[in-house]
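In this text the structure is predicted, and so the values were computed from the model without any measurement. Note on naming: letters A, B, ... go to the chains in the order of the sequence lines (proteins, then strands), and numbering restarts at 1 for each one.
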Protein chains: 2
Amino acid sequence: MLDVAKAAHVSVATVSAMINGSAPVSPELRNRIEQAIGLIGYKRNAIARSLKLGTTRTVGLMVADITNPFFTDVVAVIQDVLHRAGYAVMLCCNDEDVALQDEQIALLIDRSVDGLIIAPAGDDETLKRMIASANLPTVLIDRLCDGIDTDAVVLDNRRAVQDATIYMLGLGHRRIGYISGSLDTSTGRERLAGYRAALEAAGLPCEEDLIRIGNFREKDAYTAALQLLTSPERPTAIFSANNLMVIGVMKAIRDIGLHCPDDVSVASFDDFPWADVFQPHLTTIAQPVQAIGEQAAQLVLDRLSGASPEAPRRLVLQGRLVIRDSCRPVGSLAPRAIA
Amino acid sequence: MLDVAKAAHVSVATVSAMINGSAPVSPELRNRIEQAIGLIGYKRNAIARSLKLGTTRTVGLMVADITNPFFTDVVAVIQDVLHRAGYAVMLCCNDEDVALQDEQIALLIDRSVDGLIIAPAGDDETLKRMIASANLPTVLIDRLCDGIDTDAVVLDNRRAVQDATIYMLGLGHRRIGYISGSLDTSTGRERLAGYRAALEAAGLPCEEDLIRIGNFREKDAYTAALQLLTSPERPTAIFSANNLMVIGVMKAIRDIGLHCPDDVSVASFDDFPWADVFQPHLTTIAQPVQAIGEQAAQLVLDRLSGASPEAPRRLVLQGRLVIRDSCRPVGSLAPRAIA
DNA sequence: TTGTACGCGTTATCAC
DNA sequence: GTGATAACGCGTACAA
């Protein structure tokens, strides 16, 4: 910029004023400066600008696992919206690991991001402290943490699972296995609560043996499902608390020589784009990923522009039960593909 | 840092020397400084550091579509490796759109990333010029661009598709539909070349009518497959040049009232984690995503540390044909799920 | 071993 | 309308 100023025989202040339109500049100088810029190939330095302005126009985005199609979709939407608003996004994954999560958040804050959008793996003290002391516009997505009072957009998990459970109950299932996510997350807890609520409302006891923790990972869910399916009184249906785990559940069913939905009904949280193309067509709870991403991005953007009220805003969206054919009325037997 | 220096009754130089270990500091001062840091809650400012050092410890990562499981996996690996090395990653998607791509790359370069990992949507002049003038460590993944002579890690696309086609040919298929990606990409061209090569080697003519462009998107592929399947002489098999498009193909097959593999065989580029759980079990070409991600990340890291030779390094990995049961010998008819 | 002073590229505030 | 100059926070010669 100094070079440009010299070449155009003006001061750096004038160049800056012109580039940012922060002060009126005479057409003549404006012209000279433009020429000089073209000649030198000058581009303003965002780092120096950040140092001076105290803003990086970058927001940090941390999710549990980018490999999870749900998060993938949400990340895509957020990236898109933020890009339109001129923001870059720094992406991190915590792999459902609290220690790694702390590390990533520290990295993000260290890089001076202007805002944070995170799907926390858990709510340890370090995280709370870092977020509080960073004092950045922050929005929680998917999962809540008590002790972190920021904007958030989440699903009505409880209600969604309750609906799904009621649906399975309505099909006559009485022993419904439940593969849960980590109870360190609000989603893990809320979804399980929905399952319990449905059973209770139906006046049914909740057998603790039917509940297994899968920690949202395929592998854990595989093991859990295997236990469930080999137990003396095998459940007639299984609900998986997310999309990764249902793959594990299906693998377990296959490996044990059973078939869905003939031998065991299956339903799951999170929808798949291919769910109605491949067999069995999975019955799922579809999340409004587009809306989640858009709202989350808008929430940070609002705070960034100072257009938000003081109080944290919490958006609760509704899931949608998509009934396909991985659940059968209990006792019914349909023709099978291969005997 | 000035505050810390004051509180510890030393100079900023000493504080800096201690923090960076760039010069020996006496244990006593070291102690005083540490105390002061804890007291003030000092954290060194990465922006100022970047301005001074000319490095941001951030690399830009651009892929066509984060929603594509292939890219998702690669991104996850890259993010992981780079994080371990202390680098943050800025993520962008070009949505297979050249204009958007230029915008994103400009954004990344403007943010002064230290390196670039990109899966280009196409090779327009602007992109070439930007990359050349940015003069950054750059590695191309998945797709090559002539005119961009940088490090790269790609697949032997031609050979992989050739193998798959030979396999289908071996099953007796003579009319194999081919749903191609954009021919503006090297993958689009190379994969198609593999198909052609296989036909030619078998002494078969290549009917241009059997080749349709799907641009790597599900929707386009759906339309293309529909055309193929309703044509007077319907192909007995279809190959899809990527994972997104095969979903479109399967939807077309379903919507037209046909079944795979009974009525039409299907194979596709890119594997799915659930491919051997849901029916039909898709025959695919699996890419070594882990290796691709690791190598790509290592390539930038090497350049960043100056440990690379001058000449660009090009890594070509091999795909693996995973035969499942979405392809049948032509003419054979197996029992069907529902009559 | 420690302290001083300067430069990195911008922008904002003031004089003119 | 324009120009000089002081920050922003850090690293680092160079001198002590």
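- Atoms CE (B:Met18) and C1' (D:dT12) sit 17 Å apart, rounded to a whole Å.
- Side chain of A:Lys52, nearest nucleotide from D:dG3, D:dC10, D:dC8: D:dC8.
- Distance from the side chain of B:Ser16 is smallest for D:dG11 among the nucleotides D:dA13, D:dC10, D:dG11.
- Taking atom CE on B:Met1 and atom C1' on D:dC8, their separation rounds to 14 Å, with Å as the unit.
- Residue B:Leu2 is out of contact with every strand shown, counting any heavy-atom pair closer than 4.0 Å.
- Among the protein residues, B:Thr14 comes within range of the sugar-phosphate backbone only, with heavy atoms under 4.0 Å from sugar or phosphate atoms but none that close to a base.
- Phosphate contact (OP1/OP2 of D:dG11, side-chain N/O of B:Arg49, threshold under 4.0 Å): present.
- The nucleotide range of DNA chain C contacted by chain A, defined by atoms under 4.0 angstrom from heavy atoms of the protein and reported 5' to 3', is C:dG9 to C:dA12.
- Put simply, the side chain of A:Leu107 does not reach to within 4.5 Å of the side chain of A:Met90, judged on heavy atoms.
- Comment: B:Asp114 does not engage B:Arg57 in a salt bridge, judged by the lack of any side-chain N to carboxylate O separation of less than 4.0 angstrom.
- In terms of heavy-atom proximity, A:Ser50 sits nearest to A:Thr56 at OG-CA, 3.6 Å.
- For B:Leu53, whose side chain is taken as the heavy atoms from C-beta onward, the closest listed nucleotide among D:dA7, D:dG1, D:dT12 is D:dT12.
- Atom CD1 of B:Ile47 is separated from atom C1' of D:dG11 by 16 Å (rounded to the nearest Å).
- Between the side chains of B:Ser11 and B:Thr14, at least one donor N or O lies within less than 3.5 Å of an accepting N or O.
- For B:Gln101 (side chain) and B:Ala121 (main-chain N/O), a donor-acceptor pair under 3.5 Å exists by modelled atom type.
- Atom CG of A:Asp110 is separated from atom P of D:dG9 by 15 Å (rounded to the nearest Å).
- For the side-chain hydrogen bond (donor to acceptor under 3.5 Å, both in side chains) test with B:Asp151, the passing option among B:Arg303, B:Arg314, B:Arg313 is B:Arg303; the others fail.
- With hydrogens and angles left out, the side-chain atoms of B:Gln298 and B:Glu294 include no donor and acceptor closer than 3.5 Å.
- Of the candidate nucleotides D:dG9, D:dC10, D:dG3, D:dG9 has the atom lying nearest to any side-chain atom of A:Leu51.
- Between the CG atom of A:Asn31 and the P atom of D:dT2 there is a distance of 12 Å, given to the nearest Å.
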